[in-house]
Amino acid sequence: MCWSATADLWAGLGIGAVGVASLASVRRPGDAPLAALPLLLGAHQVVEAAVWHAGGGAGPATLAWAVIALPLLPLWLPVGVLTAARPADRPRLLAPLAAGLTTAGVLAHRLATRPVTAEVRGRTLGYVVDLPHAPLLLAAYLLATVGALLLARDRLLRLLGLLTGAGAVVCALLWTTEFVSTWCALAAVASLLLLVWVRGRTGPDPRPIRGSP
């Protein structure tokens, strides 16, 4: 999220453009989910611009924002890291994937059965949804998203995990003080790093060598 509807809109369009460039640079089919992540993040910002214009509330834009942020992202990231990994490295990524599947299932059910609302708080937006066992869900969410990146063998993906984890802490602290929201800046940095990552990936998807240990 950004600090205004205008900032969210322009950030979303810029991040989405990075996503288009990332997808156009894909040479390995398994890299496509991560390469497409900036498109999802850009759409997320544009949706939030609509939430700002609506003055918050419980409308379709608020629900769309929550669907992307809550059940979709913790599933998208571990799947993307898994499909981009070498076959020999995939077993280590099953824990984040399991956490993502569980978290996404619980959050999707909650969004389907409970209302989600947004309210303008100065230069931030606050989203309210009734979540069971919130600390446990947060831990599983972080394992699925940041954890999947940190467990990747690729150095750029691990760097993305470090930046995402540290940036999320800073953004959360600024958001809780209701000073200003800077999540869109974190999304922009992450998207640019993914563009660098996908452009550095050349050749076909790696395959296990038959008969190798």
Side-chain angles (χ1 to χ4, degrees), residues 11-47 64 67-105 107-108 140-168 171 183-213:
L13 293 175
I15 292 169
V18 173
V20 172
S22 294
L23 275 177
S25 303
V26 168
R27 294 179 177 85
R28 301 180 179 192
D31 294 346
L34 281 182
L37 182 59
L39 277 177
L40 181 65
L41 296 177
H44 202 212
Q45 302 297 146
V46 172
V47 166
V67 167
I68 295 173
L70 298 180
L72 191 51
L73 275 177
L75 186 58
W76 192 299
L77 259 168
V79 168
V81 175
L82 185 73
T83 60
R86 298 179 304 173
D89 296 333
R90 288 172 184 166
R92 64 194 279 124
L93 299 169
L94 293 180
L97 179 61
L101 285 167
T102 303
T103 304
L107 293 176
Y141 190 103
L142 292 175
L143 173 59
T145 52
V146 178
L149 293 167
L150 292 177
L151 286 173
R153 293 283 188 188
D154 189 282
R155 288 182 296 174
L156 273 179
L157 292 185
R158 292 202 304 270
L159 175 61
L160 178 59
L162 289 172
L163 289 176
T164 301
C171 291
W183 291 101
C184 56
L186 178 58
V189 171
S191 297
L192 288 172
L193 193 54
L194 280 171
L195 177 60
V196 172
W197 170 78
V198 76
R199 286 186 170 176
R201 305 269 286 178
T202 57
D205 282 315
R207 294 287 184 265
I209 300 174
R210 190 179 300 274
S212 63

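Just so it is clear, the structure is predicted and the values come from calculations on it, not from any experiment. Computation of the quantities below employed the complete heavy-atom set of this structure, encompassing side-chain atoms and omitting hydrogens, waters and symmetry-equivalent molecules.
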Taking side-chain contact (heavy atoms from CB on, under 4.5 Å) as the test, write out the residues that go with [X], two or more places apart.
X: Ser25; value: Leu195, Val198, Arg199
X: Leu192; value: Val18
X: Ala64; value: Val47

Partners meeting side-chain hydrogen bond (donor to acceptor under 3.5 Å, both in side chains) with Trp76 (sequence neighbours left out): none
What's the shortest heavy-atom distance between [X] and [Y], and which atoms?
X: Pro33; Y: Thr83; answer: CG-OG1, 3.7 Å
X: Ala144; Y: Pro78; answer: O-CD, 3.3 Å
X: Leu23; Y: Leu39; answer: CD1-CD1, 3.3 Å
X: Leu107; Y: Leu70; answer: CD1-O, 3.4 Å
X: Leu34; Y: Leu194; answer: O-CD1, 3.7 Å

Any pair counted as salt bridge (Lys or Arg N to Asp or Glu O under 4.0 Å), so long as it reaches residues 16-25, sequence neighbours left out: none
Residue pair Leu73, Leu37: steps toward the side-chain contact (heavy atoms from CB on, under 4.5 Å) verdict: CA-CA 9 Å; Leu73 275 177; Leu37 182 59; 3.8 Å; yes
Arg90 side chain to Ala85 backbone, donor-acceptor under 3.5 Å: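 Judged by distance alone, yes, a pair lies under 3.5 Å.
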Pairwise side-chain hydrogen bond (donor to acceptor under 3.5 Å, both in side chains) hits with a residue in residues 140-153, at least two apart: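 Qualifying pairs: Asp89-Arg153.
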